[in-house]
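In what follows, residues are counted from 1 in the order of the sequence shown. Remember, predicted model here, so these are calculated numbers, not experimental data.
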Amino acid sequence: LEPDRLLHRVHKNAGLKPKGENYGGWESQRGGGRGLGHYMSACAMMWAATGDPRFKDRTDYIVNELKKCQDAKGTGYIGTVEDSIWSQIGRGEIYSTGFDLNGAIVPWFILHKLFAGLYDIYIYSENEKAKDLLINLSDWAYRNFRNLTEEQWQRVLDCEHGGMLEVLVNVYSITGDKKYLDMSHWFDHKKF
């Protein structure tokens, strides 16, 4: 797999010119972007398991590209889900048909993969820049969604939402900042 192809939508969403053609299948649809996070975690774990420098080189490259995207956006956000979707949700304008949220296919699931990939790169390869990106991304989420009510969060969670609860606990574990632990409870799905 080619990192630049997996980064295609992230570059595009940051207003930067993509360096590779987007992959097809789910990656080319509105729910695209989940492959990057899975790939980041896999490469980080392979680096830790094998010591093969090719995996470390790939994670370092991806982190550097994500830093460019985060800097270009200037908000802390990096990802493939359009800003307009997140803005609607942040304002409490929430609708879902079950597998989508405001027209985006499982956006929290997709975002979780990126959170998890950054966390894994930090944990398995001690890449401090990955930690910084993860904290900035977490702070973006805090600023944008902290005013949602419990009822609004439960409507958000009627759509598949991935492992945001888990990954925010992980952010808390590496920062000690209780804000992230509190954020994890936004994702307590009462129906479960």
| Trace of the side-chain contact (heavy atoms from CB on, under 4.5 Å) decision for I105 with R34 | CA-CA 11 Å; I105 300 171; R34 68 199 70 182; 4.2 Å; yes
Within the 4.5 Å heavy-atom criterion, are [X] and [Y] side-chain neighbours or not?
{"X": "V106", "Y": "D100", "answer": "no"}
{"X": "K131", "Y": "I174", "answer": "yes"}
{"X": "C69", "Y": "H11", "answer": "yes"}
{"X": "L1", "Y": "Y23", "answer": "yes"}
{"X": "F115", "Y": "N170", "answer": "no"}
{"X": "Y172", "Y": "D177", "answer": "no"}
{"X": "K129", "Y": "K67", "answer": "yes"}
{"X": "F192", "Y": "L157", "answer": "no"}

Which value, rounded to the nearest 0.5 Å, describes the distance between [X] atom [atom1] and [Y] atom [atom2]?
{"X": "T59", "Y": "M46", "atom1": "OG1", "atom2": "CE", "result": "12.5 Å"}
{"X": "I121", "Y": "S41", "atom1": "CD1", "atom2": "OG", "result": "7.5 Å"}
{"X": "L114", "Y": "Y77", "atom1": "CG", "atom2": "OH", "result": "8.0 Å"}
{"X": "D57", "Y": "I62", "atom1": "CG", "atom2": "CD1", "result": "11.0 Å"}
{"X": "Q152", "Y": "E93", "atom1": "CD", "atom2": "CD", "result": "10.0 Å"}
{"X": "H38", "Y": "M40", "atom1": "NE2", "atom2": "CE", "result": "12.0 Å"}

In terms of hydrophobic clustering (I, L, V, M, F, W, Y; side-chain heavy atoms under 4.5 Å; direct or indirect links), are [X] and [Y] co-clustered?
{"X": "V81", "Y": "L7", "answer": "yes"}
{"X": "L133", "Y": "Y122", "answer": "yes"}
{"X": "M164", "Y": "L148", "answer": "yes"}
{"X": "L16", "Y": "L66", "answer": "no"}
{"X": "L134", "Y": "W186", "answer": "yes"}

Verify, without hydrogens or angle tests, whether [X] (side chain) and [Y] (backbone) share a donor-acceptor contact under 3.5 angstrom.
{"X": "N102", "Y": "Y95", "answer": "yes"}
{"X": "N13", "Y": "R9", "answer": "no"}
{"X": "Q154", "Y": "H189", "answer": "no"}

Do you know the tightest heavy-atom contact between [X] and [Y]?
{"X": "N22", "Y": "R5", "answer": "O-NH2, 3.4 Å"}
{"X": "C159", "Y": "S96", "answer": "CB-OG, 3.7 Å"}
{"X": "H185", "Y": "L181", "answer": "CD2-O, 3.3 Å"}
{"X": "I78", "Y": "L111", "answer": "O-CD1, 4.0 Å"}
{"X": "V167", "Y": "A116", "answer": "CG2-N, 3.7 Å"}
{"X": "Y119", "Y": "S173", "answer": "OH-OG, 4.0 Å"}

Original post:
Would E65 and K19 satisfy salt bridge (charged side-chain N to carboxylate O under 4.0 Å, His left out), going step by step from the backbone distance to the final call?
Top reply: CA-CA 10 Å; E65 290 300 309; K19 296 181 176 184; 3.0 Å; yes
Next item on the list: Just do the side-chain contact (heavy atoms from CB on, under 4.5 Å) check on Y142 and Y180 with the steps written out, would you?
Entry: CA-CA 8 Å; Y142 180 77; Y180 304 117; 5.7 Å; no
I'd like to know whether the aromatic ring centres of W108 and W86 sit less than 6.0 Å apart in this structure.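 Between W108 and W86, the centre distance is under 6.0 Å.
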- Test R155 against every option in I94, L101, I89 by the side-chain contact (heavy atoms from CB on, under 4.5 Å) rule and name the one that passes.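 Only match with R155 under side-chain contact (heavy atoms from CB on, under 4.5 Å): I94.
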- Assess the side chains of N136 and Q70: does a donor N or O sit below 3.5 Å from an acceptor N or O?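 There is such a pair between these side chains.
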So, R58 versus Y39: side-chain donor-acceptor pair below 3.5 Å or not?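 Yes, side-chain donor-acceptor contact under 3.5 Å.
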Exercise for the section: Just do the side-chain contact (heavy atoms from CB on, under 4.5 Å) check on K191 and D158 with the steps written out, would you? Expected result: CA-CA 9 Å; K191 286 183 182 177; D158 283 337; 2.9 Å; yes
If you draw a 6.0 Å radius around [atom1] in [X], do more than 12 non-hydrogen atoms from other residues or ligands fall strictly inside?
{"X": "Y124", "atom1": "OH", "result": "no"}
{"X": "K179", "atom1": "NZ", "result": "yes"}
{"X": "E151", "atom1": "CD", "result": "yes"}

Exercise for the section: Go through the steps for R91 and N147 under the test side-chain contact (heavy atoms from CB on, under 4.5 Å), then give the verdict. Expected result: CA-CA 8 Å; R91 289 191 306 267; N147 293 323; over 6 Å; no
* Check the pair D182 / K178 against salt bridge (charged side-chain N to carboxylate O under 4.0 Å, His left out), numbers first and verdict last. => CA-CA 6 Å; D182 294 341; K178 191 172 179 299; 2.7 Å; yes
Side chain to side chain donor-acceptor pair (under 3.5 Å) between E27 and H8: does it pass, once the steps are laid out? CA-CA 9 Å; E27 288 300 306; H8 175 92; over 6 Å; no
